[in-house]
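Some notes on the structure that comes next.
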Amino acid sequence: MTALAHTRADLATALDGVTGEIAVVMTMGALHEGHRELMRRARERSAFVLVTIFVNPLQFGPGEDFEKYPRTLDDDLAACRAEGVALVFAPSRDDVYPHGAPSITMHPGELGEILEGASRPGHFSGMLTVVEKLLLLTRADVAYFGEKDFQQLALIRRMARDLELPVEIVGVPTVREADGLALSSRNRFLSPDDRIAALALSRALREGAAHGDPDAVLAAAHKILSEEPGVRVDYLALTGSDLGPAPDEGPARLLVAARVGGTRLIDNVPLTLQKGA
Ligand code: AMP
């Protein structure tokens, strides 16, 4: 049985009887296999898994897709039920922000200014603010986030660390379609032609990650992206696995953001660098 709470009062009532660990998966709904993998990972460890479904207006900039973001609550509930989720919290905007837009918000710091932060001003502040609120409202002991949003995961880890939040943050590798496309709620906006063009993102990352030399990694990825006219690259970046400068050798991350048709997509992969390889 999956219970549903729409208000923070209902959520509190549902949580009052819980004795064991509370595992939380935060989502914006339009659930797919990526979200479901997070639920499965949570369920493997914790008897009580709570999924939040909230399209957070604070993390969308003007002109972004807040209004048209897919909302599919009935299907989402069915997915949660199938994954053995104990409780779904699907609050309204007023329930999350009862006093209107908060005047005190999270400041993501330098890590929030690069990559997605540079392209989407205010996004990470809005994201961290709602994550902090939802961690407290859900009384999360452990929370699962996807590596698909790698910078988001890094910022949430840092927020938990820097602000002493009593929660364990677990990252889960990206779930992909068989052809490599990273699952995303926004993929449903892709036309059949867009869908083909979008494959260049994961292909570029895969080809790039097959190299060890930093220049060769970027050159290989850039070549594939530049050969696909349907893809407008926002950034292609090679960083350390903490999103700092890429090392000459050792673990690193290759990240891409691009527009395909009217849809903005992001993806990233881990890789190991070796100068001259
Ligand atoms: P969203 O609903 O897009 O805000 O995503 C909710 C959570 O699911 C975030 O922690 C995402 O990183 C994670 N997620 C989204 N897509 C994937 C994916 N393809 N693989 C793994 N995790 C994902």
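Predicted model, so just to flag it, every value in this text is computed and none were measured. Indexing begins at 1, ligand by ligand and atom by atom, following the structure's order. Sequence positions, counted from 1, serve as the residue numbers for this chain.
Ion pairing of Arg158 with Glu110 is absent here, as no side-chain N (NZ or NE/NH1/NH2) approaches a carboxylate O to less than 4.0 Å.
Listed by chain and residue number, His35 satisfy the ring pair (Phe, Tyr, Trp, His ring centres under 6.0 Å) test with His32 (two or more places apart in sequence, or in another chain).
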* Are Lys148 and Asp267 close enough, and set up right, to give a salt bridge (charged side-chain N to carboxylate O under 4.0 Å, His left out), and what steps lead you there? -> CA-CA 6 Å; Lys148 159 78 173 23; Asp267 198 356; over 6 Å; no
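Crowding of Lys223 atom NZ: a count of heavy atoms from other residues, nucleotides or ligands under 6.0 Å not exceeding 12.
Looking at Ser241, its side chain never comes within 3.5 Å of a backbone N or O of Arg253 through a donor-acceptor pair. Put simply, the side chain of Glu168 never gets that close to the backbone of Ala140: no donor and acceptor are under 3.5 Å apart.
Within 4.0 Å of ligand 1, protein heavy atoms belong to Met26, Thr27, Met28, His32, Gly34, His35, Leu38, Tyr69, Phe145, Gly146, Lys148, Asp149, Gln152, Pro173, Thr174, Val175, Leu183, listed by chain and number.
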